[in-house]
2 protein chains.
Amino acid sequence: MLRTVTMKDIAEECGVSLSTVSLVLSHSPRISEPTRKQVMETCERLGYQPNTHAQNLALRASSRTLCVVLPDLTDIFSDPYVGLLLNGIYATADEHGYQVSILRATSRFLRKREHFNLLKSHRADGLLFVASSLYDQYLVDLDGHNIPVLLVNSIFPDAAIRYVAADHKAAGRMAAEHLARLGHRHVGVVMGTNIQTQVDLIEACGEALVDCGVPADQTIWMDGRFNEDFARKAARQILQENPCTTAILTTSDKMAAGVLADLHEAGVSVPNQVSVMGIDNLPASAHLCPALTTIDLHLTQIGSRACERLLAIVKEGEKPCEELRPVHLVERASTAPPPAAMATKKKAPAARKKKKKP
Amino acid sequence: MLRTVTMKDIAEECGVSLSTVSLVLSHSPRISEPTRKQVMETCERLGYQPNTHAQNLALRASSRTLCVVLPDLTDIFSDPYVGLLLNGIYATADEHGYQVSILRATSRFLRKREHFNLLKSHRADGLLFVASSLYDQYLVDLDGHNIPVLLVNSIFPDAAIRYVAADHKAAGRMAAEHLARLGHRHVGVVMGTNIQTQVDLIEACGEALVDCGVPADQTIWMDGRFNEDFARKAARQILQENPCTTAILTTSDKMAAGVLADLHEAGVSVPNQVSVMGIDNLPASAHLCPALTTIDLHLTQIGSRACERLLAIVKEGEKPCEELRPVHLVERASTAPPPAAMATKKKAPAARKKKKKP
DNA sequence: TTGAAAGCGCTAACAC
DNA sequence: GTGTTAGCGCTTTCAA
């Protein structure tokens with residue numbers, strides 16, 4: 001085991017006082033070169049490492065740590081959406097010499113209102129909330145307290161909490177326009193609505209669709225859980241309800257993968273019969289079959305930017321922050337013009353093998 | 001901002017001494033009920049929260065924190081492989097009331113040998129290394145020091161470091177046997193060899209293939225980087241080198257996704273013309289087209305188990321740990337018997353459109 | 001049952 | 001230049 005060596009040990013070993021050692025270690029200029037050298041060397045030799053707790057205590061100061069709070073889902077870390085955000089957060093925290101600590105908003109966490117305690121107990125200098133949903137009503141508490149807190153790629157409508165998020169309205173519009181431009185007139189949308197940014201996205205999408213001349217009643221909206229399984233079922237149902245559907249838009253790449261899988265199973269060819277589009281641009285989406293057309297939310301950048309803004313708040317104090325970041329269309333193989341028969345405005349009889357609902 | 005309230009504040013407010021407050025908070029039985037109540041209530045009212053640094057310092061003790069060290073790859077968090085391991089680690093740490101802190105082995109980290117410092121500075125009670133490769137020679141240092149360290153799903157051949165890992169040899173054997181059982185006689189293997197467990201896996205796989213009657217010279221081995229892009233190229237090359245190939249095994253699901261994408265692009269039907277198989281069983285693999293046959297390494301469980309073992313070491317001291325965990329075949333749609341023409345032992349002339357290597 | 005006091009390892013005035 | 005000293009907020013004997 002590593003025996004703990006303290007400043008006192010160094011001082012004794014060198015025959016100097018505690019404060020001399022302290023001064024050397026804090027790079028004070030008013031220390032003679034020989035003493036400095038001797039002390040440094042002894043530290044090296046004995047493997048001295050300051051006790052962080054003592055240091056933080058004496059500095060009555062920050063632990064130079066940011067906390068990321070994740071929802072308490074057992075599989076939260078294996079979600080690449082979260083991962084991308086974390087990539088950015090870590091990179092930026094690192095650059096600024098900050099540690100980051102990831103916590104989950106378990107029921108215990110919420111009961112004890114740990115988000116406050118983290119700050120009070122000096123375990124964190126600031127808090128980043130990632131992937132929080134509209135259900136996370138505890139966030140409302142954060143409003144007003146002027147606490148160094150920031151939401152990463154989410155928005156909380158009921159409270160004035162800082163955020164950095166992708167411009168989801170732009171994303172929704174962009175997706176709608178892309179599909180409309182290709183000629184799609186019957187689209188199905190698979191979405192989750194438990195997150196404000198999603199709500200914004202689909203609202204903008206709906207409007208844009210109408211603006212582009214797609215009659216509102218030709219669009220089917222399927223609302224449900226944010227995973228592949230729901231998406232699979234939703235895809236099937238959309239094609240049953242309206243066999244004329246030539247495009248399915250999902251509000252996440254993860255769901256798009258589910259749709260793709262379902263269509264593959266059902267023998268529906270993508271993009272020849274049906275186009276599929278996602279939102280997020282996860283790394284894996286480029287390697288789906290076919291490669292997925294999507295809107296790049298630049299999640300890593302959002303994480304990075306969020307961390308930057310939070311750090312500014314931590315260091316310089318109170319500041320509002322409501323930053324919407326640009327998004328971009330990534331066109332790949334999963335979208336194409338609708339099949340000829342479908343492209344016409346008049347509802348052509350569908351030549352598809354999907355069986356109708358009994 | 002939150003004003004810091006200390007034990008002293010509570011003591012004064014209640015008109016008792018500091019130590020009384022301390023005793024109350026540590027649930028000492030020798031405190032009168034009225035005092036206890038009064039103190040507790042005041043803590044509640046004033047929102048008292050102990051200063052962790054002071055506490056840790058006084059306890060000259062653990063910070064009840066485990067550190068996870070990840071390789072310094074910018075996209076490390078969005079890798080679901082890592083995510084699954086983290087899921088397990090976090091769940092278990094939580095259960096035991098431990099925090100976890102994730103660090104990246106940046107060059108600065110290595111230069112300063114932070115893995116030692118984390119322990120010395122009491123920022124961590126134990127260390128978990130995740131996704132480390134054979135290149136991470138700094139791990140060799142860990143040997144001998146009897147430090148609370150454990151490798152998660154990796155093995156380091158040059159040093160005696162504790163580990164909990166999937167039984168990769170079993171996985172290799174299982175995969176080989178599955179393909180052989182289906183009747184495949186010409187298989188291509190796409191692999192990475194910068195990780196000991198991978199080396200073990202492919203060795204076992206190669207032996208099993210031969211044992212099952214697949215002549216060694218009918219197997220093509222492609223070694224390279226651990227990502228989709230390499231896998232895509234490798235797949236193409238395998239089919240060029242041996243158009244008789246009826247099955248491609250990759251040593252990770254991620255690479256399998258790349259192979260699937262490449263075959264899709266090349267118009268090769270999976271599993272009708274070529275079977276594809278992965279290793280890991282990532283959540284997304286069930287939603288690939290077609291759904292991927294793979295070996296489940298139970299990564300979440302490995303993370304969980306690794307954390308458990310480390311915790312035992314932290315609490316009870318030195319213990320060796322070399323634990324190999326069972327793995328299981330997950331049969332899905334991407335594997336099937338080879339096409340009839342290929343199944344015969346005699347090399348039938350290939351009726352495939354892939355062009356031969358010149 | 002409660003209080004006083006020492007000490008955890010470090011920082012930062014201030015004195016020499 | 002270097003040493004002395006008083007905290008930082010908490011735990012924990014030991015006394016009262």
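The only option from Leu151(A), Leu134(A), Asp158(A) that meets the side-chain contact (heavy atoms from CB on, under 4.5 Å) definition with Gln196(A) turns out to be Leu134(A).
For Glu323(B), the salt bridge (charged side-chain N to carboxylate O under 4.0 Å, His left out) criterion is met by Arg305(B), Arg309(B), Arg325(B), not counting sequence neighbours. By the ring-ring contact (aromatic ring centres under 6.0 Å, His included) test, Tyr81(B) pairs with no residue at all, sequence neighbours left out. Scored by the salt bridge (charged side-chain N to carboxylate O under 4.0 Å, His left out) test, Asp94(B) finds Arg104(A) as partners (sequence neighbours excluded). With sequence neighbours left out, the salt bridge (charged side-chain N to carboxylate O under 4.0 Å, His left out) criterion links Lys319(A) to Glu316(A). The salt bridge (charged side-chain N to carboxylate O under 4.0 Å, His left out) check on Arg108(B) picks up nothing, with sequence neighbours excluded. Judged as a ring-ring contact (aromatic ring centres under 6.0 Å, His included), and not counting sequence neighbours, Tyr98(B) has no contacts.
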Pairs under 3.5 angstrom only: tabulate donor-acceptor contacts from the side chains of residues 69-78 of chain A to other protein residues two or more places apart or in another chain.
unit_1	atom_1	unit_2	atom_2	d
Ser78(A)	OG	Asp75(A)	O	3.0
Ser78(A)	OG	Asn87(B)	ND2	2.9

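With a cutoff of under 4.0 Å to any heavy atom of chain B, the contacted region of DNA chain D is bounded 5' to 3' by dG9(D) to dC14(D). Where DNA chain C meets chain B (any atom under 4.0 Å from a heavy atom), the bounding nucleotides read 5' to 3' are dT1(C) to dG9(C).
Identified under the side-chain hydrogen bond (donor to acceptor under 3.5 Å, both in side chains) test for residues 37-48 of chain A, with sequence neighbours left out: Glu13(A)-Arg45(A).
Contacts between residues 14-26 of chain A and DNA chain C, defined by a heavy-atom separation under 4.0 Å, are made by Ser19(A), Ser22(A). Residues from residues 27-44 of chain B lying near DNA chain D, meaning a heavy-atom separation below 4.0 Å, are Arg30(B) in numerical order.
Side-chain atoms of Ser17(B) and Thr20(B) form a donor-acceptor pair, as typed in the model, at a separation below 3.5 Å.
Closest of all the heavy-atom pairs between Lys112(B) and Asn117(B) is O-ND2, 2.9 Å.
Salt bridge absent: Asp125(B) and Arg64(B) never bring a charged side-chain N and a carboxylate O closer than 4.0 Å.
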